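Single-structure report; data block below.
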Amino acid sequence: MKIFKLLFFIFLFFFCAGRAFSADVTFTAITESSIKSDKANNSMTPSIQKLLRAKDDINRSGSDFVLFLGNNISGADKYNLVMFAKIIKKIQKPVYVSIGNNDVQKTKHLEKKEYYRLLNRYSRNKISKVPSVKKLNGFVFIFMDGTNEMVSLPRGYYKERELITLEKYLNKYKNDEVIIIQHYPIIGIEDTMKATFDVEPYKNLISKHKNIKAIISGHDNKDFIIEDENGIKHINIPSLSSGAEYEVITIKTADDNTIIRTKIINVE
């Protein structure tokens, strides 16, 4: 009898250990919604219409949650931010909002802290700052920044202090599968005026961590998937405002095998 109990516990140990390294998630990624309202006529602008259609699609979908990758509004404007917040509040899934170069600007009194204060007052967004980290559906999602709130720039820059925070997160969650979410890609942009500034320190940092499965970005208004020399998938999301598109991403991982599927959704 004892031998059967021993064998049972050995089987249970290895079964649970195998499951500990398995994860499966499906989520929606949206960038460049670029909400711009018509304050004068209070009419439905194209950017608002597209986000409302995306909202309806998402509520009918099987996505576990929604990620907004920045440039959520057309420019640093509190009225447009509140409009964006009220629309995404109607999404019946958890929502996580990052920022892009058009979202914040100190001279317009919309710094990062004020951006998230207003956004979270009028929506149910689950992020209060960037960088930040969330553990979702068996994966660790790290939300990066790269923006300059002093002036809106077409080129992102991940400063040293932000990379230090990223390394801290990567070390803390070294036994988890990691997905990084950010506005500015670090590879794949052909337009040098939009390419992220000084990316080598960032690339050197992620090359030391084998548990990063994907880096998901926006900004370039194109969809692409590039696998780098470290096996990390760099996924870029198309623009909702200019292309009327967003993306649904499924990531499945078990042991050392990771499968990533993407599907572009058009709202027109």
Side-chain angles (χ1 to χ4, degrees), residues 29-36 47 67-85 88 96-121 123 125-134 141-170 180-206 215-222 234-242:
I30 299 177
T31 190
E32 307 284 339
S33 55
S34 300
I35 291 301
K36 185 175 183 179
S47 61
L67 308 177
F68 285 90
L69 277 65
N71 283 2
N72 309 304
I73 53 180
S74 62
D77 180 278
K78 292 184 180 182
Y79 187 90
N80 288 336
L81 176 58
V82 171
M83 179 67 69
F84 170 75
I88 68 171
Y96 303 84
V97 179
S98 292
I99 55 176
N101 52 296
N102 291 335
D103 291 314
V104 294
Q105 193 169 336
K106 191 169 185 178
T107 57
K108 296 185 178 180
H109 308 290
L110 196 55
E111 298 108 321
K112 297 171 187 178
K113 186 176 181 180
E114 175 66 3
Y115 185 95
Y116 277 109
R117 185 192 73 80
L118 269 179
L119 175 66
N120 293 347
R121 178 180 176 184
S123 76
N125 168 54
K126 296 182 177 296
I127 295 178
S128 58
K129 64 177 183 178
V130 282
S132 64
V133 62
K134 300 287 182 181
F141 284 74
I142 300 176
F143 297 84
M144 296 290 281
D145 184 359
T147 62
N148 185 336
E149 64 184 359
M150 299 303 295
V151 60
S152 177
L153 297 172
R155 300 184 69 186
Y157 177 38
Y158 297 99
K159 298 178 181 179
E160 182 181 8
R161 64 175 177 268
E162 186 172 359
L163 295 182
I164 290 172
T165 301
L166 173 60
E167 185 169 31
K168 179 185 74 174
Y169 289 150
L170 290 172
I180 297 176
I181 305 299
Q182 57 196 34
H183 182 68
Y184 301 98
I186 58 173
I187 67 173
I189 293 186
E190 298 175 358
D191 184 349
T192 56
M193 296 301 295
K194 294 176 70 176
T196 305
F197 178 74
D198 192 20
V199 295
E200 290 309 313
Y202 196 146
K203 290 182 178 180
N204 291 336
L205 171 57
I206 62 175
I215 297 178
I216 303 174
S217 311
H219 188 59
D220 198 33
N221 297 344
K222 298 177 183 176
H234 295 254
I235 304 172
N236 210 71
I237 307 301
S239 167
L240 182 65
S241 60
S242 64

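Keep in mind that what you see is a predicted model, and the values were worked out from it rather than measured.
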Between [X] (side chain only) and [Y] (backbone N and O only), is there a donor and an acceptor less than 3.5 Å apart?
| X | Y | answer |
| --- | --- | --- |
| Asn221 | Pro238 | no |
| Lys194 | His219 | yes |
| Lys78 | Leu118 | no |
| Thr196 | Val199 | no |
| Asn148 | Met150 | yes |
| Asp198 | Lys159 | no |
| Gln182 | Tyr184 | yes |
| Ser217 | Asn236 | no |
| Thr147 | Gly100 | no |

At what distance, to the nearest 0.5 angstrom, does [atom1] of [X] lie from [atom2] of [Y]?
| X | Y | atom1 | atom2 | value |
| --- | --- | --- | --- | --- |
| Asp103 | Ser33 | CG | OG | 8.0 Å |
| Leu69 | Phe143 | CG | CZ | 8.5 Å |
| Ser152 | Gln105 | OG | CD | 6.0 Å |
| Leu67 | Ile216 | CG | CD1 | 6.5 Å |
| Asp77 | Leu110 | CG | CG | 8.0 Å |
| Asn71 | Ile30 | CG | CD1 | 13.5 Å |

Identify the heavy atoms of [X] and [Y] that sit nearest to each other, and give their distance.
| X | Y | result |
| --- | --- | --- |
| Ser47 | Ser34 | CB-O, 3.5 Å |
| Asp145 | Lys112 | OD2-NZ, 2.6 Å |
| Leu163 | Pro201 | CD1-CB, 3.8 Å |
| Pro131 | Glu162 | CG-CG, 3.5 Å |
| Leu166 | Leu205 | CD2-CD2, 3.7 Å |
| Pro154 | Asn101 | CA-ND2, 4.4 Å |

Any side-chain heavy atom of [X] sitting closer than 4.5 Å to one from [Y]?
| X | Y | value |
| --- | --- | --- |
| Ile127 | Val97 | no |
| Tyr115 | Glu149 | no |
| Ile187 | Lys203 | yes |
| His109 | Glu114 | no |
| His183 | Thr31 | yes |
| Leu119 | Phe68 | no |
| Tyr202 | Ile180 | yes |
| Asn125 | Tyr116 | yes |

*Tell me, yes or no, whether the heavy-atom count around Lys129 atom NZ, taken from other residues, nucleotides or ligands under 6.0 Å, exceeds 12.*
no
*Just do the side-chain contact (heavy atoms from CB on, under 4.5 Å) check on Leu153 and Phe197 with the steps written out, would you?*
CA-CA 11 Å; Leu153 297 172; Phe197 178 74; over 6 Å; no
_Set out, in order, the CA-CA distance, both residues' side-chain angles and the distance that settles side-chain contact (heavy atoms from CB on, under 4.5 Å) for Ile206 and Ile186, then state yes or no._
CA-CA 11 Å; Ile206 62 175; Ile186 58 173; 3.9 Å; yes
